[in-house]
Amino acid sequence: MQYSFKAIEEKWQAFWAKNQTFKAGFNSDKPKYYVLDMFPYPSGAGLHVGHPLGYIASDIYARYKRHKGFNVLHPQGYDSFGLPAEQYAIQTGQHPAITTETNIATYRRQLDQIGFSFDWSREFRTSDPNYYKWTQWVFIQLFESYYCNTDDKAKPIAKLVEVFKTNGNAAVNAVCDDDTEQFTKEEWNAFSEKEQQHILLKYRLTYLAEAEVNWCPELGTVLANDEIVNGVSERGGHPVVRKKMTQWMMRISAYAQRLLDGLETIDWTDSLKESQRNWIGRSEGASVTFKVKNCSQNHTIDVFTTRPDTIFGVSFMTLAPEHELVNTITTSEQQQAVDDYVKASAKRSERERMADVKTISGVFTGAYAEHPFTKQPIPIWIGDYVLASYGTGAVMAVPCGDQRDYDFAKHFSLEIPNIFEGVDISEQAYTEKGNTAITNSDFLNGLSYKKATKRAIFELETISQGKGKINYRLRDAVFSRQRYWGEPFPVYYVDGLPQMVDAKHLPIELPEVDNYLPTENGEPPLGNAKIWAWDTTTHNVVANDLIDNKTIFPLELNTMPGWAGSSQYFNRYMDPNNDDEIFSKDAVNYWQQIDLYIGGSEHATGHLLYSRFWQKFMFDLGLVPADEYAKKLINQGMILGTSAFVYREENTGKYYSKGLIADKKVQAIHVKVEYVNASDELDIEGLKTDAEFGEDYKNAEFVLENGVYKVGRDVEKMSKSKYNVVNPDEICAKYGADSLRLYEMFLGPLEQYKPWNTSGITGVHNFLKKLWKLYVDDNGFKITDTEPTKDNLKTLHKTIKKVEDDIENFSFNTSVSTFMIAVNELTAQKCTSKAVLEPLLVLFSPYAPHIAEELWEKFGHSQSISTAQFPIFDAAHLVESSKEYPISFNGKMRFKLEMPLDISKDDIEKMVLAHEKTQAQLQGRTPKKVIVVPGKIVNIVG
RNA sequence: GCUGAAGUGGUGGAAUUGGUAGACACGUUGGACUUAAAAUCCAAUGGCCAUUAUGGCCGUGCGGGUUCAAGUCCCGCCUUCAGUACCA
C-alpha cells in the first residue's frame, strides 16, 4: 500500500468539515485556550508559500493544546476592507464587494487544502454589515466618552456634562485639547448648544478636529503615520504632503501611559515592545513659560524641555516656522526676512527637511523673551530644526548643553554661556547627564543633574512659570479616510455639528455609488452616493435630495481607516453571530483574552498598538475582563523567495550564462523560478514556450557554459513582480499538505526570515513515506500487540520529551528533525508494537494531521485523532541500568552519561563513583575524586 | 545617531544551565538496482595533512579575557538585517 497523500488529505479535510471537528463551544470541564492568527487581507494574488507559515505554527499549537486537554478556540476570518479592491473598482467599475468575495473564495480553498483546524463556524469579514455594525458601535461609544485623569479611565461624556452644569470645568481633571480654557457653571449653561458641543469635542475620545495630516494626493486620502514609510505611502510608494484638514481623530494619546505600562504585563517580544515604547516616546522634563518682552497682549511661549537644570544656560529661543506666534511677535524690521523664511520652509516638504539635516537655517524675529529668573532678554529665533508637531513647537535653546542648539548658535554667532563646572565647550556641547556640577546658575550652583532638575522645577512652580511634565511623542490618530471601501461612520451633521446615529439603528450600510473616485468638487467617493442622508424620524438612510435640515440631514462622507475593523475583532470571535450585543458577557468571561497571538511584526506600531488602545477603552467600559487582549504574541518571520536572473548583454542582446559575464555590460533580468532547477540551470525551452514571456525569448541567443545556462540567484521578498513566488497549490499537488506543513516548519526558527527552496522538500516528503512504511507495508497495516523492547520505549519517550519541549518553546523546526530520527530508529529496530506506534502518532498529528488521522483510523478508532490524549513522558524508560548501558568513558577526564537531566545530582555522583572505583581497581590505582557539575558531564579530578 | 536582532560547512540550520561543534535535511560525489531515466536503497561529505590502519593539526565574523572546559560568559571592535530619528 502506497502513501497516497492526495486521497488521504481530501478524505480527512472532508471528514473535519462534515463533523465540525474543530468547532469550539463552552466547556467548563476543560480549561480554555485561545489561539489566534492575524486575519488576512484577501488579496487578488492568493496565497504564496510564505503566507501560511504563521497559520501552520498556530495550528500545530492549537492541535497540541487539544491533545493536552484544553478547550481550544482557533478561529479565522478576513480583514476585507482595503485599498486594492477599491483600486480595482476604480479601474474596472466592478464593485469591491464582488472582488473581495472572489478573493475570499480563493483564500478559503487554499487554506482548506493545508488542513487547518479552524473553527469556520465563527468566520466573519470586516466588510460585512453584520460585523461592521459593531465597529460603528464602538466608534459611538468612543464619541460618548472622555478620559478622566483622576480615575485614569474613560467615562461617559454625560457625566462630564453633569459636572459642567453644576460646577463648570475648574475642578475637572480630564484629557482635553485645550487645558487653558476655563468656564463656570453659569457660563456653561449660557453657552449655545453649538458652543457646548464645540467644547465637548475637545474632551471626546473620538473627535472632529482641524489637524495637520499626511495627505497623499495620488491615493486621494490621508494616511496615518504608520502608513508612511520613508516619506512615501506604504502602499504604492506615492509622495505624502502635510495639509490641514478637518478629520475624525482618536484620542489614543490619553492612553499613552497605560499603553506603556501594559507592555510590562504581556509576553510579547522585546523588539516589538521596544518599537511600541519608542513610538509612544515618553520623556520626562518640564514645561516652562517664557513671557514675550514689550508685548502689548502679554503673549507667552511655552516650551518643553528634558533639561530644566540647564535653564540658566538659555541664550536664545527657537520657534518652528509654523508656530502660531511667529506673525504676532515679529518686529516690522524683521517682517520681510521672517516671511521669506517661513514661505521657503513651507515649500520644502517634510521629507526634504528630514533628508537635509546638516544645513543650518533660521531667522531672527526681532522679538525678545524674558528669562523667568534672571529677567534678561532672550532673542527669539525661528529655525526649521524645531518641529511644529513635537512638544509645543518651540524650544528654549541651551547651546552649551544641546548639540543642535550649539550648532545653531555657532552658525549665527549667538552667545554660548557655559554652565558646567570645569567642562570645555569650545568644540561641542556637553550633553551628558552626569554628576558634573552646574555653575553660573544662581540657586542651582553646585548641584548635579538630578538635584538641579528637581530644584529648577520647584522654583518654576513657585513663580508659576512652569511645572514638571511628561511629554509623549505618540499623537492622536487620524481616523478618517477619503475612500469608498471602508466602514461608513454612523454620523450625520446638523448645522455642521456631528451627531451619532442611535446605536439601535446600526448598521449604517455603505451606499451604492456609480463612481469610486472623489467627486468633482473634491469630496470623498461617498459624495457620489445619491441615497446618503439620514432621516431622523424614520431612522433610515434616504435620498440626498430629501435633505431639509429639519428632520433629514447629510451623512458623513469619510470612511474609517483599515485598522478600524481589526481593532477589536479578536473579541468578536468569542461570540461572532450575536446580533444583540457586540459579544455576550458569558462568552467574554469564558474566553477572556487571546492566549497566543501569531502574526507579522510589521504591525508593531499600527494594528498592535491601536487594538491595545481599543481593548483598554472597552475594559474601561466594563465590556471586557482584561485590559490587554493578547497574553503572548509571536512574530513569525517571513519566507523569502529565491529570485533567478538571466544576463542580457546590452549591445548584442545575447544572454550570457552567469559564469561568462566577466566584465561584459549586462543587465540582470528576473525570470520565473519554475524554469530553474536545483543546480541553478535554466530550462531554456520552457522559458521560450512560456505563455506570458515566451515571445520575449523566442529568438534570443543563450550563451552556455559547459552546455548549460546558469542563472544568478538572489534572496528577495516574495513578489509577483520578481517572479519568485511559489504557490502552495503546486506544492500540495506534488507533495501534499502534510509535506508542506512539515517543510515550512523545518525551514528554520519560526521568528526568523528565511529563503524558500523547493528542492529541500523531498527530505520531509521522504520522511512521511518512511513513516507510512513503519505502519503499512504491501500486506497492509502491520501493527501488532507485541511487547515493545527497551529500545522501542527509549525512542518513544525520548521523542515525547523532545517534542513536548519543542512545542512549548515554539521551536517547531527541531521537532521535525526529532521525528525523522525517531522514525529512522524505529525502522531500524523493526518495531511493530502498538504500544509504541500508536502514541507516536499523536505526537506527529499536530504537524502532519492528515497522515496521522489515516493511520489512527487503521488502529480501529472511529473518532478523530484530535480527541486523543498527548502521551505521557516517563523518564524511567530513559534511565538505563549501568550493566546494559555502561557509562561511557571519554578521553582523559570526562564521563558522559546518557540519561535524562532530571535525575538527581547525588544519584549521578553515586553511579560515577561506583564506576570509577571499579575502573581504579581494574587498573590498580587509587580512585579519583568525583565532582558533579551541572550538565551532562561529570568531572573527575585526580 | 539611537534601539532591537543576528553572524556556525557548498546551502537551510542543530548544539538544554559553559561540557565530544556541525544533529537533521538539501546539495554534491561514488556505488547498488535498471536497456535507460525516475524512484528507492547504501556509502562518503567542515578544512588541511597523513595513512595499511590507528591518527594529527586548524576550525563557530575579528582581537583580547575568565575557565579544567567557550559557538555559548566578560571587555573592545567589524559586518548584516529590521525599526526609528533634527523628539528639545
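Just so it is clear, the structure is predicted and the values come from calculations on it, not from any experiment. Protein chains get the first letters and strands the later ones, always in sequence-line order, with residue 1 at the start of each.
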Round to a whole Å and report the spacing from [atom1] of [X] to [atom2] of [N].
{"X": "A:K802", "N": "B:A14", "atom1": "NZ", "atom2": "P", "answer": "10 Å"}
{"X": "A:R277", "N": "B:C87", "atom1": "CZ", "atom2": "C1'", "answer": "18 Å"}
{"X": "A:R404", "N": "B:G1", "atom1": "CZ", "atom2": "C1'", "answer": "12 Å"}
{"X": "A:R282", "N": "B:U3", "atom1": "CZ", "atom2": "P", "answer": "19 Å"}
{"X": "A:H765", "N": "B:A39", "atom1": "NE2", "atom2": "P", "answer": "11 Å"}
{"X": "A:I280", "N": "B:G83", "atom1": "CD1", "atom2": "P", "answer": "19 Å"}
{"X": "A:I821", "N": "B:G22", "atom1": "CD1", "atom2": "P", "answer": "13 Å"}
{"X": "A:W279", "N": "B:C2", "atom1": "CH2", "atom2": "C1'", "answer": "16 Å"}

So, OP1 or OP2 of [N]: does either fall under 4.0 Å of a side-chain N or O from [X]?
{"X": "A:R475", "N": "B:C87", "answer": "no"}
{"X": "A:N766", "N": "B:A25", "answer": "no"}
{"X": "A:R473", "N": "B:A88", "answer": "no"}

Does any nucleotide pair with [N] by Watson-Crick or G-U wobble geometry, both distances under 3.5 Å, and what is it?
{"N": "B:A37", "result": "none"}
{"N": "B:U72", "result": "none"}
{"N": "B:A43", "result": "B:U29"}
{"N": "B:C86", "result": "none"}
{"N": "B:U17", "result": "none"}
{"N": "B:U79", "result": "B:A6"}
{"N": "B:G59", "result": "none"}

On a whole-Å scale, what distance lies between the [atom1] atoms belonging to [N] and [M]?
{"N": "B:U11", "M": "B:G4", "atom1": "P", "result": "30 Å"}
{"N": "B:U45", "M": "B:A23", "atom1": "P", "result": "10 Å"}
{"N": "B:U60", "M": "B:U20", "atom1": "C1'", "result": "15 Å"}
{"N": "B:G65", "M": "B:U72", "atom1": "C1'", "result": "15 Å"}
{"N": "B:C58", "M": "B:A50", "atom1": "C1'", "result": "15 Å"}
{"N": "B:G55", "M": "B:U16", "atom1": "P", "result": "27 Å"}
{"N": "B:C87", "M": "B:G12", "atom1": "P", "result": "39 Å"}
{"N": "B:C78", "M": "B:C26", "atom1": "P", "result": "40 Å"}

A:F412/A:F316 aromatic ring centres below 6.0 Å: no
A:Y3 and A:H765 aromatic ring geometry - parallel, tilted or perpendicular at 30°/60° bounds: tilted
A:F304 and A:Y390 aromatic ring geometry - parallel, tilted or perpendicular at 30°/60° bounds: perpendicular
Verdict with supporting geometry, A:Y430 and A:N418, side-chain hydrogen bond (donor to acceptor under 3.5 Å, both in side chains): CA-CA 9 Å; A:Y430 177 75; A:N418 191 357; over 6 Å; no
Name the nucleic acid region contacted by [X], choosing base, sugar-phosphate or nothing; use a 4.0 angstrom heavy-atom cut-off, strictly under.
{"X": "A:T762", "answer": "sugar-phosphate"}
{"X": "A:N813", "answer": "sugar-phosphate"}
{"X": "A:K770", "answer": "sugar-phosphate"}

How about [X] and [Y]: do any of their side-chain heavy atoms sit closer than 4.5 Å?
{"X": "A:T365", "Y": "A:W381", "answer": "no"}
{"X": "A:T300", "Y": "A:F290", "answer": "no"}
{"X": "A:E825", "Y": "A:I821", "answer": "yes"}

Earlier contact from the 5' end, RNA chain B, for A:G393 and A:D806: A:D806
Closest-nucleotide 5' rank along RNA chain B - winner of A:E274 and A:M396: A:E274
Out of B:A25, B:A88, B:C26, whichever nucleotide has its closest atom nearest the side chain of A:V395: B:A88
Residue A:K769, side-chain atoms from C-beta onward, closest of B:U3, B:A39, B:C87: B:A39
Anything under 3.5 Å between a protein N or O and an N or O of nucleotides 5-12 of chain B, put it in a table, one pair a line.
from: B:G12; atom 1: O2'; to: A:L747; atom 2: O; distance (Å): 2.6

Residues A:R277, A:E264; criterion salt bridge (Lys or Arg N to Asp or Glu O under 4.0 Å); working and verdict: CA-CA 11 Å; A:R277 280 192 200 106; A:E264 306 300 326; 3.5 Å; yes
Distance, nearest 0.5 Å, that separates CD of A:E744 from CD1 of A:I60: 10.0 Å
In B:G56, glycosidic geometry as syn within 90° of 0 or anti otherwise: anti
A:E284 and A:R282 ion-paired at < 4.0 Å: yes
